2 protein chains.
Amino acid sequence: MQSRSPASRTGRPRSAAADAAILAATREALVDLGWSKLTLGDVATRAGVAKTTLYRRWAGKNELVVDAVAELFDELELPDSGSLAADIEGVVLQFAAILARPEAKSGLMAVVAESTRDEALRARIRESVVDRQKRLVVEGRARAQARGELPPEPDPSHPARTVDLIFDVIAGAVVHRALVSAEPVDTTWARSFTALLIDGMTAATTHSRSGQVAQ
Amino acid sequence: MQSRSPASRTGRPRSAAADAAILAATREALVDLGWSKLTLGDVATRAGVAKTTLYRRWAGKNELVVDAVAELFDELELPDSGSLAADIEGVVLQFAAILARPEAKSGLMAVVAESTRDEALRARIRESVVDRQKRLVVEGRARAQARGELPPEPDPSHPARTVDLIFDVIAGAVVHRALVSAEPVDTTWARSFTALLIDGMTAATTHSRSGQVAQ
DNA sequence: AGCTTTCGCTACGAGACGTAGCGTAATGCC
DNA sequence: GGCATTACGCTACGTCTCGTAGCGAAAGCT
């Protein structure tokens, strides 16, 4: 949502139902029309609100779709399956399942593309999509460390570095496989990828290989 | 380019200079305006051709931008640096350098987004961008195998599986780091990522076929 | 020459954009 | 209850881009 003025205590309040209807209509339109052919007028009609109402709440198509898509990724959960491998595999498959939905893939990449020229939009994406899901990496990592599957803290000076790296690798690989290569992210692929990732994480921290292994 | 009718041997030939001018103008417009505000009329003006000429050669904005962006990625080369780690690191940095250019990041993600609803467009992207660069993985892998850094053939039944996996991981991670996380792909990051990837590749192949690491 | 295809130019209807203006509806405050 | 304030629905508008059609001229081939 946009910054609802906090001092706004008087006057008619904004309809929360309208917000939900608009976001749902946006996702519906993404399925039917895709990003490029999606028009705000059409979304307004689907939601049963006036076009002007839409413009009063969102600055434009970009912001609207970010909010509509962001809700999809809140479904993600870290399944406590007892092992790091199973945890990662589970998240990868969940993530892929969301990306398989047309409203997600059609909208997400488009706003990411737009965000390359719009700093505010990119911040919005990071806040409402990316950083929210980074918790999965942090939590899965903590669990693995508690189980002894990963060493406690490989680099105390930059604890966030490793998390960011892992996140970019997981999210990047799944997105690339699903949307660019356009091949299925099935159990077979998820297992291969998970094996690769875990071996990379453990080996890099256990045995000191050729020279300095950056972390 | 589009399918130039092969039986077209008579009549005035198409100007090759116009093709180059149009593609250059497209990249220029991507820098100045970005994907969403780029119009074909503007590109035509910049290229010094009529708008109708543009429509005679490309079906629309999507196809035009794919061709304009594809040329950028042909610069990629595999630096024979003597070690697998250095090879990967070099390619990652080259790839990141291209992605840092506004005409690349603004255009590439947009056409990928569009390709989620356009099968023909996705095929075009794969042909002219993705699959062309997959050679880097194949070649780097062969070199590493010749050096003994990687075992000969981990999975003879599906030789392309591993290459595809590696490619998705590399390309996906770099793109995600550069465009979504929007943090620099510098030497530090490239080195961390390379270490993670190599350890994952070597370990994954060793304990699947009980050989020892060539080290 | 004659034939064929491309090119530049102009013009056009269609559709989406984003905004303005108006009257009405829903709340909080006195 | 009445009043101020804000949100809402609706209509209408100028502006822009789209993609195409039609024309005459240019540039190649045989």
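The sequence lines fix the lettering, A, B, ..., with proteins before strands; numbering per chain opens at 1. Values below: all heavy atoms of this structure, side chains included; hydrogens, waters and symmetry mates excluded. This one's a predicted model, so the numbers in the text were calculated from it and none came from an experiment.
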Rounding to an integer number of Å, can you tell me how far A/W58 CH2 sits from D/dA7 P?
14 Å
If the cut-off is 4.0 Å, is B/R12 near the phosphate of D/dA26, judged by side-chain N/O to OP1 or OP2?
no
How many Å lie between CG on B/D19 and P on C/dT6, as a whole number?
12 Å
So what does A/S15 touch, heavy atoms closer than 4.0 Å: a base, only the sugar-phosphate, or nothing?
sugar-phosphate
Classify the side-chain pair A/R135/A/Q133 by whether it contains a donor and acceptor separated by less than 3.5 Å.
yes
Within less than 4.0 Å of OP1 or OP2 of D/dG9, is there a side-chain N or O belonging to A/T53?
yes
Can you tell me the distance, in whole Å, between the CZ atom of A/R14 and the P atom of D/dT5?
18 Å
base_contact_polar (C/dG8 base, B/R56 side chain, donor-acceptor, <3.5 Å):
yes
Take atom CG of A/L54 and atom C1' of D/dC10, then tell me their distance rounded to the nearest Å.
15 Å
Using atom NZ of B/K37 as one end and atom C1' of D/dC18 as the other, report the distance to the nearest whole Å.
18 Å
Expressed in angstrom and rounded to an integer, what is the separation of B/L64 atom CG from D/dG19 atom P?
12 Å
Mark yes or no for a side-chain to base donor-acceptor pair under 3.5 Å between B/T39 and D/dC18, with no hydrogen or angle criteria applied.
no
Roughly how many Å is it from CG in A/L40 to P in C/dG15, rounded to a whole number?
18 Å
Between B/P13 and B/T52, which has a closest nucleotide on DNA chain C that is more 5'?
B/P13
Can B/R27 and B/E71 be counted as an ion pair, charged N to O under 4.0 angstrom?
yes
Write down the distance between OH (A/Y55) and C1' (D/dC10), rounded to a whole number of angstrom.
16 Å
Do the side chains of B/K134 and B/D131 get close enough for a salt bridge, i.e. N-O under 4.0 angstrom?
yes
Check against side chain to side chain contact (heavy atoms under 4.5 Å, CB included), A/D19 and A/W58
CA-CA 10 Å; A/D19 266 343; A/W58 284 276; 3.3 Å; yes
What's the verdict on salt bridge (charged side-chain N to carboxylate O under 4.0 Å, His left out) for B/D32 and B/R46, showing C-alpha distance, side-chain angles and the deciding distance?
CA-CA 12 Å; B/D32 292 350; B/R46 289 174 189 261; 3.0 Å; yes
Considering only heavy side-chain atoms of A/T10, the closest of D/dT20, D/dT5, D/dA7 is D/dT5
Which residue lies toward the 5' end of DNA chain D, B/G11 or B/K51, if each is placed at its nearest nucleotide?
B/K51
Of all the choices, D/dG9, C/dT19, C/dG8, which nucleotide is nearest to the side chain of A/A50 once you look at every atom?
D/dG9
